[in-house]
Amino acid sequence: QVQLVESGGGLVQAGGSLRVSCAFSGRTFASYVMAWFRQAPGKEREFVSAINWSGGSTYYSDSVKGRFTISRDNAKNTLYLQMNSLKPEDTAVYYCAAAPSVLPGREQYEYKYWGQGTQVTVYS
């Protein structure tokens with residue numbers, strides 16, 4: 001059974017940076033495409049970024065493109081999201097998700113496994 005555990009969330013001033021991580025266990029990490037989603041208070045969970053098994057293909061939502069970078073370390077079974085130039089509207093619970101697929105998707109239903117989330121709060 002796949003388990004995902006996020007870490008690294010916190011409180012950061014607007015314009016600052018933060019890196020969140022997702023530790024993967026239970027299966028072969030390199031066999032899974034990975035993604036980050038987020039859910040702000042009172043809003044639906046939305047796609048942030050996704051990455052293929054090798055890290056060679058990455059995808060971003062328009063709202064974070066150019067500011068966030070997704071990456072993975074298959075030797076460490078860990079997914080990362082580097083967030084720069086943070087804005088108050090980036091405040092949300094950030095979830096990592098995994099799918100035993102070839103192509104990363106942007107829809108929640110495409111992902112079978114989910115972490116518990118980590119809170120990111122950006123203040124102005």
S.K.: Without swapping roles, check the side chain of Tyr94 against the backbone of Val48 for a donor-acceptor pair under 3.5 Å.
M.R.: no
S.K.: Strictly by disulfide (SG to SG under 2.5 Å), give each pair with a member in residues 6-110 just once, sequence neighbours left out.
M.R.: Cys22-Cys96
S.K.: Which heavy-atom pair separates Gly9 from Val120 by the least distance, and what is that distance?
M.R.: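 For Gly9 versus Val120, the nearest heavy atoms are CA-CG2, 4.1 Å.
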S.K.: Decide yes or no for Val33 and Tyr111: does some side-chain heavy atom of the first lie under 4.5 Å from some side-chain heavy atom of the second?
M.R.: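 Yes. Closest side-chain heavy atoms under 4.5 Å.
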S.K.: Is there a side-chain contact between Gln1 and Tyr113 (heavy atoms, below 4.5 Å)?
M.R.: yes
S.K.: Exactly one of Thr118, Asn84, Leu86, Val122 should register a side chain to side chain contact (heavy atoms under 4.5 Å, CB included) with Leu18. Which one does?
M.R.: Leu86
S.K.: Stepwise, does the side-chain contact (heavy atoms from CB on, under 4.5 Å) test hold for Phe24 with Val2?
M.R.: CA-CA 7 Å; Phe24 178 105; Val2 170; 3.6 Å; yes
S.K.: To check you understand the geometry: which heavy-atom pair defines the closest contact between Asn52 and Gly56, and what is its length?
M.R.: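 Scanning both residues completely, I find the closest heavy atoms to be OD1-N, 3.0 Å.
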S.K.: Could you tell me which residues satisfy ring pair (Phe, Tyr, Trp, His ring centres under 6.0 Å) with Phe68, sequence neighbours excluded, listed by chain and number?
M.R.: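 Checked Phe68 against ring pair (Phe, Tyr, Trp, His ring centres under 6.0 Å); zero matches.
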S.K.: Look at the side-chain heavy atoms of Ile, Leu, Val, Met, Phe, Trp and Tyr, link any pair under 4.5 Å apart, and say whether Trp53 and Phe29 land in one connected group.
M.R.: no
S.K.: Using every non-hydrogen atom in the two residues, find where Ala50 and Gly105 come nearest and quote the distance to one decimal.
M.R.: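 Result for this residue pair: CB-O, 4.0 Å.
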S.K.: What I want to find out is whether Asp90 reaches Lys87 closely enough, with some N-O distance under 4.0 Å, to be called a salt bridge.
M.R.: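 Lys87 and Asp90: not salt-bridged.
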S.K.: Is the CD atom of Glu44 crowded by more than 12 outside heavy atoms at less than 6.0 Å?
M.R.: no
S.K.: With rounding to the nearest 0.5 Å, note down the distance linking OG1 in Thr91 to NZ in Lys43.
M.R.: 10.0 Å
S.K.: Which ILVMFWY residues are connected to Tyr123, directly or by a chain of links, through side-chain heavy atoms under 4.5 Å apart?
M.R.: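 Tyr123 clusters with Leu11.
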S.K.: Decide if the gap between the ring center of Trp114 and the ring center of Phe37 is smaller than 6.0 angstrom.
M.R.: yes
S.K.: In Å, rounded to the nearest 0.5 Å, how long is the span from CG of Leu4 to CE of Met34?
M.R.: 5.0 Å
S.K.: Does Gln108 reach the main-chain N or O of Arg45 with its side chain, forming a donor-acceptor pair under 3.5 Å?
M.R.: yes
S.K.: I need the minimum non-hydrogen distance between Phe47 and Ser61, along with the two atoms involved.
M.R.: O-CB, 3.6 Å
S.K.: Identify whether NZ of Lys or CZ of Arg in Arg27 sits under 6.0 Å from the centre of the six-membered ring of Tyr32 and within 45° of that ring's axis.
M.R.: no
S.K.: Asn74 and Ala30: which non-hydrogen atoms are nearest, and at how many Å?
M.R.: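 Residues Asn74 and Ala30, closest heavy atoms: ND2-CB, 3.7 Å.
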S.K.: Are any side-chain N or O atoms of Ser124 and backbone N or O atoms of Ala14, one a donor and one an acceptor, separated by less than 3.5 Å?
M.R.: no
S.K.: Does Arg72 use its side chain to pair, donor to acceptor, with the backbone of Leu79 at less than 3.5 Å?
M.R.: no
S.K.: Can you see which heavy atom on Ser63 is nearest to which on Arg38, and at what distance?
M.R.: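 For Ser63 versus Arg38, the nearest heavy atoms are OG-NH2, 3.4 Å.
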S.K.: Before giving the answer on side-chain contact (heavy atoms from CB on, under 4.5 Å), spell out for Trp36 and Glu6 the whole-Å C-alpha distance, their side-chain angles and the decisive distance to 0.1 Å.
M.R.: CA-CA 10 Å; Trp36 289 99; Glu6 300 95 335; 3.9 Å; yes
S.K.: Would you verify whether the NZ or CZ of Arg106 falls within 45 degrees of the ring axis of Tyr59 while also being under 6.0 Å from that six-membered ring's centre?
M.R.: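 No, Arg106 and Tyr59 do not form such a contact.
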S.K.: Evaluate the criterion side-chain contact (heavy atoms from CB on, under 4.5 Å) for residue pair Ser17 and Gln82; output intermediate values, then yes/no.
M.R.: CA-CA 7 Å; Ser17 298; Gln82 177 67 45; 3.9 Å; yes
S.K.: Within this structure, what is the CD1-OG distance for the pair Ile51 and Ser57, rounded to the nearest 0.5 Å?
M.R.: 8.5 Å
S.K.: Show your reasoning for whether side-chain hydrogen bond (donor to acceptor under 3.5 Å, both in side chains) applies to Thr121 and Gln119.
M.R.: CA-CA 6 Å; Thr121 302; Gln119 176 71 49; 3.3 Å; yes
S.K.: Can you tell me how far the CD atom of Gln3 sits from the OG atom of Ser25, to the nearest 0.5 Å?
M.R.: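 Taking CD in Gln3 and OG in Ser25, the distance rounds to 4.5 Å.
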S.K.: Given the rule in the side-chain contact (heavy atoms from CB on, under 4.5 Å) test, do Tyr80 and Val20 qualify, once you have shown the distances and angles that lead to the verdict?
M.R.: CA-CA 6 Å; Tyr80 303 101; Val20 291; over 6 Å; no
